[in-house]
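See below for the structure under consideration.
In what follows, every chain begins at residue 1, and chains take the letters A, B, ... in the order their sequences are listed.
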Number of protein chains: 2
Amino acid sequence: MQMKTGVEQSIYAMLLLTFLPDKGVLPGEFISQQLGASPTYFQKLLRKLVHADLLMSVPGAKGGFRLKASPEQIRVFDVYEAIEGKQSLYASSGVFEDLMGIQNQNICLLSDLMAEAEQSWQSTLKRETIDSIRREIYLNCPPDHLTKLQSLIEEKMIRN
Amino acid sequence: MQMKTGVEQSIYAMLLLTFLPDKGVLPGEFISQQLGASPTYFQKLLRKLVHADLLMSVPGAKGGFRLKASPEQIRVFDVYEAIEGKQSLYASSGVFEDLMGIQNQNICLLSDLMAEAEQSWQSTLKRETIDSIRREIYLNCPPDHLTKLQSLIEEKMIRN
DNA sequence: GTATCGTGGACAATAGTTATCCACGTTATA
DNA sequence: TATAACGTGGATAACTATTGTCCACGATAC
């Protein structure tokens with residue numbers, strides 16, 4: 001199994017949008033261009049993020065996307081869940097429970113373990129936020145690159 | 001993303017094989033029947049388990065499969081890895097690193113976090129063994145069901 | 001009114017997973 | 001020695017999920 005590439009792209013999209021001044025907005029096509037993603041499909045991902053209340057969308061000319069909440073409030077897990085959905089990594093087929101004659105009892109040989117493993121995975125993703133990653137970027141990126149990106153965004157963004 | 005059903009089936013296959021007396025062997029077709037899996041595909045899974053040194057196979061008439069190591073030594077994670085392979089859940093595309101001008105430096109915005117999350121997930125799977133699940137089964141299953149299964153296996157198994 | 005943007009649905013292409021088949025090597029047994 | 005039962009590995013097909021495209025539509029700025 002592999003995480004959808006859409007999760008990575010979405011997290012990066014959120015990070016890009018942290019560069020955006022208040023009341024500014026970025027068109028979906030510009031974002032997908034920066035990430036090298038297919039524009040039409042990436043719009044679908046953006047819509048998922050809107051549905052998950054992570055992004056705000058402004059329709060019409062001069063429209064685009066902006067973060068709905070502050071970067072400190074958006075956990076990496078929120079983005080993950082918005083794209084991947086809420087289904088868990090493992091779902092018991094029930095075959096073995098049948099074989100063992102423990103269908104309706106609350107004994108979950110594997111399920112418990114798998115659920116716990118997934119919890120561990122998720123809790124790591126819940127610990128970090130878009131902001132904590134953004135701070136790392138500010139610390140580690142070459143400043144000239146950072147200002148170049150900043151000015152590119154301010155050039156392409158749309159104020160309301 | 002979803003875990004392959006083959007992982008679940010393989011773990012159950014390992015559990016079934018713990019019922020097997022020493023020097024006994026179970027044909028792949030019998031195992032797949034018990035698990036309600038497709039016989040031909042399940043053979044492929046069994047071969048992966050053999051390759052991973054979790055199972056021993058005996059060719060020829062009176063052939064079949066048996067555990068290679070003792071159940072205490074086989075971690076749930078080993079089975080998981082044998083079926084899913086060693087690739088990690090997340091692989092950085094590198095697009096964002098390019099965008100940020102940090103291609104070859106050891107800064108891994110997301111990669112670190114994702115690697116840590118996967119570590120947590122895996123460590124839970126490494127904690128439990130086939131034997132620890134087997135013990136739970138012995139504790140929780142109706143004894144009559146257990147003996148019925150035991151005798152079914154002894155009937156179908158092949159001694160060498 | 002027109003150009004630009006997001007929205008949602010239908011649909012196609014691609015990739016990954018599951019399933020089937022067959023020719024082959026090995027071994028037990030008649 | 002022949003034959004039947006089993007695992008092996010490759011080729012290939014069916015199925016499913018993911019990714020990608022297209023279009024008609026509504027909203028908004030100008």
Verify the contact: side-chain N or O of B:Thr5 to OP1 or OP2 of C:dT17, cut-off strictly under 4.0 Å; return yes or no.
no
d(CD, B:Gln33; P, D:dC6) in whole Å
10 Å
Starting at CD of A:Glu29 and ending at P of C:dA3, how long is that distance when rounded to a whole Å?
17 Å
Can you see if the side chain of A:Lys62 gets near the phosphate of C:dT4 - specifically, an N or O under 4.0 Å from OP1 or OP2?
no
Let me have the donor-acceptor pairs involving side chains of residues 13-34 of chain A, under 3.5 Å, with sequence neighbours excluded, atom names and distances please.
residue: A:Thr18; atom: OG1; partner: A:Leu15; partner atom: O; Å: 2.4
residue: A:Ser32; atom: OG; partner: A:Gly28; partner atom: O; Å: 3.4
residue: A:Ser32; atom: OG; partner: A:Glu29; partner atom: O; Å: 2.9

How close or far is atom P of C:dG16 from atom NZ of A:Lys4, stated in whole angstroms?
14 Å
Take atom CD of B:Gln43 and atom P of D:dA5, then tell me their distance rounded to the nearest Å.
15 Å
To the nearest angstrom, how far is A:Leu55 atom CG from C:dC5 atom C1'?
15 Å
Taking C:dT20, D:dT21, C:dT7 as options, the one with an atom nearest any side-chain atom of B:Pro39 is C:dT20
4.5 Å side-chain heavy-atom contact, A:Glu81 and A:Lys86:
yes
Between C:dT27, C:dT18, C:dA19, which nucleotide has the shortest distance from any of its atoms to the side chain of B:Ala61?
C:dT27
Which part of the nucleic acid, if any, lies within contact of B:Phe42, taking any heavy atom under 4.0 Å across all strands shown: a base, the sugar-phosphate backbone alone, or nothing?
nothing
Decide yes or no, distance alone: a donor-acceptor N/O pair under 3.5 angstrom between the base of D:dG7 and the side-chain of B:Arg47.
no
Remember a base hit wins even if backbone is also touched, and classify A:Ser57 as base, sugar-phosphate or nothing at under 4.0 Å, heavy atoms.
sugar-phosphate
Would you call the rings of B:Trp121 and B:Tyr80 parallel, tilted or perpendicular, where under 30° means parallel and over 60° means perpendicular?
perpendicular
Looking just at side-chain N and O atoms, do B:Gln73 and B:Thr129 make a donor-acceptor pair shorter than 3.5 Å?
no
Compare all side-chain heavy atoms of B:Leu45 with those of B:Gln9 and state whether any distance is below 4.5 angstrom.
yes
State whether A:Tyr41 places a side-chain N or O below 4.0 Å from either non-bridging phosphate oxygen (OP1 or OP2) of D:dT19.
yes
Listed nucleotide nearest any side-chain atom of A:Thr40, set C:dT17, C:dG6, D:dT21
D:dT21
Earlier contact from the 5' end, DNA chain C, for A:Val50 and A:Gln2:
A:Val50
Have a look at A:Ser38 and say if it touches a base, only the backbone sugar-phosphate, or nothing, with a 4.0 Å heavy-atom cut-off.
sugar-phosphate
Does OP1 or OP2 of D:dG9 have a side-chain N or O of B:Lys44 closer than 4.0 Å?
no
Determine whether the side chains of B:Thr147 and B:Gln150 contain a donor N or O and an acceptor N or O closer than 3.5 Å.
no
Contact class for B:Gly60 vs. all strands (heavy atom < 4.0 Å): base, sugar-phosphate, or nothing?
base
Let me know the distance between CG of B:Leu26 and C1' of D:dG7, rounded to the nearest Å.
14 Å
Rounding to an integer number of Å, can you tell me how far A:Ile83 CD1 sits from D:dA17 C1'?
15 Å
Rounded to whole Å, please give me the gap between CE in B:Met1 and P in C:dT17.
13 Å
